[in-house]
Amino acid sequence: MPPAPYELLDDGFAPPSCEVLVIGCGNILRGDDAVGPVLVRHLHERGVPDGARLVDGGTAGMDVAFAMRGAGRVVIVDAARTGNEPGTTYRLPAEALAQLPPVDGVHTHNFRWDHALALGDWLLGPDRPTDVTVLLVEAGGFEPGAPLTPPVEAAMLALADLVETEFWPVREEPWRVDITAMGYLHLPAALAAQHFPADVCVGRVSNLDSAWALDLLPLQSPANGGLVLKQHDPAGNRSLLVSEILGFASVDGRFEAHWLEAEGLLRIHLEETADDRPRRDHPGGGGAGTVDGLPGGDLAGGRGATAPGQLADRGEGPLGGRRRTPERGAPAPATGGPW
């Protein structure tokens with residue numbers, strides 16, 4: 001008797017295990033049928049946390065069953081045609097998942113959520129995932145090359161929020177963030193998705209007794225200005241240039257970060273690095289320090305480089321900003337609110 005399919009899979013190339021696998025089924029070229037793949041791409045742009053994986057089942061349908069191998073939970077998103085109002089969403093009960101079609105004749109052009117599960121059952125056998133959630137969106141139009149219709153797009157965005165809030169792996173604080181020697185702050189994708197959904201913020205340096213910290217306050221929209229959190233890698237981790245906020249101080253390493261709910265900000269404690277080496281007691285102001293070989297003070301009537309030790313006495317606030325008096329080059333103490 002020939003071996004079962006799952007008995008032939010131990011080839012040394014198993015996919016990486018994950019806590020949550022999100023599969024978007026559908027044809028990306030046929031209007032609302034693309035809701036599953038579009039949702040997967042949308043989640044990718046938002047950022048995928050550690051422990052989660054995304055699969056576009058519309059273009060790699062036969063690979064979906066292999067991707068399920070090693071997944072703790074599976075979420076499948078697909079379009080539906082029941083005659084109801086477009087944009088209506090459904091969450092299938094467990095008993096509906098027990099009635100699966102045969103795998104004969106399944107190919108990429110007719111691959112749906114039930115085919116994904118049927119193929120997974122056949123291929124993986126006892127190794128198939130048992131925690132499966134199917135989310136369906138009622139489609140309106142299937143015109144070739146058309147985008148999602150407005151009600152289906154709205155439903156897709158709502159399901160993306162649902163996946164993030166209900167299915168993404170939850171990490172206990174403190175978060176761990178990195179600051180590079182070039183002054184870039186790297187934030188984990190899950191942290192950015194949870195607290196910086198618009199990918200913009202403002203920053204400041206806070207003095208905490210004898211220590212100091214970097215505070216980041218999220219903004220609601222890029223239209224408000226602020227600092228942009230750019231996507232750093234395919235996993236969706238974010239990168240933010242913070243060297244100017246830190247007064248161009250030499251700060252690099254891995255630090256703890258805590259979300260302060262009452263203040264609505266992320267506080268990154270900079271008093272020490274991951275290997276417990278103390279850092280500078282003061283990050284300095286917004287001006288540049290001296291460069292080897294160049295004197296401090298005025299050069300040819302202009303403002304020259306300033307020694308690092310003088311930065312704390314230049315009247316600059318924690319963001320390095322200052323306003324000038326009518327007398328050229330004379331900075332006045334920073335005033336105003338905490339931001």
Side-chain angles (χ1 to χ4, degrees), residues 175 177-188 191-192 195-196 198-208 211-232 237-258 260 263-273 278-292 294 296-299 302-325 328-339:
W175 299 91
V177 301
D178 295 307
I179 298 180
T180 71
M182 299 297 293
Y184 284 91
L185 171 66
H186 292 168
L187 296 178
L191 171 59
H195 297 302
F196 299 88
D199 283 333
V200 286
C201 68
V202 292
R204 70 179 180 190
V205 169
S206 294
N207 293 316
L208 308 173
W212 55 290
L214 171 63
D215 292 341
L216 298 179
L217 177 73
L219 301 178
Q220 295 182 353
S221 168
N224 298 323
L227 306 171
V228 178
L229 281 69
K230 299 181 179 179
Q231 185 160 326
H232 174 59
N237 298 313
R238 300 300 199 262
S239 180
L240 174 68
L241 185 62
V242 296
S243 57
E244 186 173 2
I245 302 176
L246 299 176
F248 302 99
S250 177
V251 177
D252 61 278
R254 172 159 289 193
F255 305 93
E256 288 189 359
H258 297 263
L260 305 183
E263 300 182 43
L265 59 85
L266 182 73
R267 174 157 293 168
I268 303 168
H269 299 273
L270 301 177
E271 65 271 15
E272 58 185 18
T273 59
R279 285 302 188 185
R280 296 173 57 165
D281 292 334
H282 193 284
T290 56
V291 178
D292 291 342
L294 296 179
D298 290 340
L299 294 177
R303 187 176 179 84
T306 305
Q310 298 174 332
L311 292 175
D313 300 323
R314 289 172 55 182
E316 297 182 3
L319 294 180
R322 63 182 185 271
R323 56 183 176 86
R324 294 185 180 276
T325 62
R328 181 179 181 274
T335 59
W339 293 97

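Side-chain atoms are counted along with the backbone in the values below, which use heavy atoms only and exclude waters and symmetry mates.
Closest approach of Asp215 and Ser206 over heavy atoms only: OD2-OG, 2.5 Å. Between Leu265 and Arg204, the shortest heavy-atom distance links the atoms CD2-NH2, 3.8 Å. Scanning both residues, Ser239 and His186, for their nearest heavy atoms gives OG-CD2, 3.5 Å. Shortest non-hydrogen contact noted between Gly264 and Pro218 is O-CD, 3.4 Å. Shown here for Leu191 and Leu266, the closest heavy-atom pair between the two residues is CD2-CD2, 3.9 Å.
Separation of atoms CD1 (Ile179) and CG (Leu241) is listed at 11.0 Å; rounding is to 0.5 Å. Note that the NE2 atom of His269 and the CD atom of Glu256 stand 7.0 Å from one another [nearest 0.5 Å].
With contacts defined as side-chain heavy-atom distances shorter than 4.5 Å, the pair Ser221/Val200 does not qualify. The side-chain heavy atoms of Leu185 and Ile268, taken from C-beta on, include a pair separated by under 4.5 Å. Taking the side chain as every heavy atom from C-beta outward, Thr180 and Asp252 never approach each other to under 4.5 Å. At least one side-chain heavy atom of Arg238 sits less than 4.5 Å from a side-chain heavy atom of Gln231. Within the 4.5 Å cutoff, the side chain of His195 has no heavy atoms near those of the Leu187 side chain.
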**OP:** Could you walk me through whether Trp212 and Leu246 pass the side chain to side chain contact (heavy atoms under 4.5 Å, CB included) test, one step at a time?
**Re:** CA-CA 10 Å; Trp212 55 290; Leu246 299 176; 3.9 Å; yes

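By the side-chain contact (heavy atoms from CB on, under 4.5 Å) test, Leu227 pairs with Cys201, Leu240, Ile245, sequence neighbours left out.
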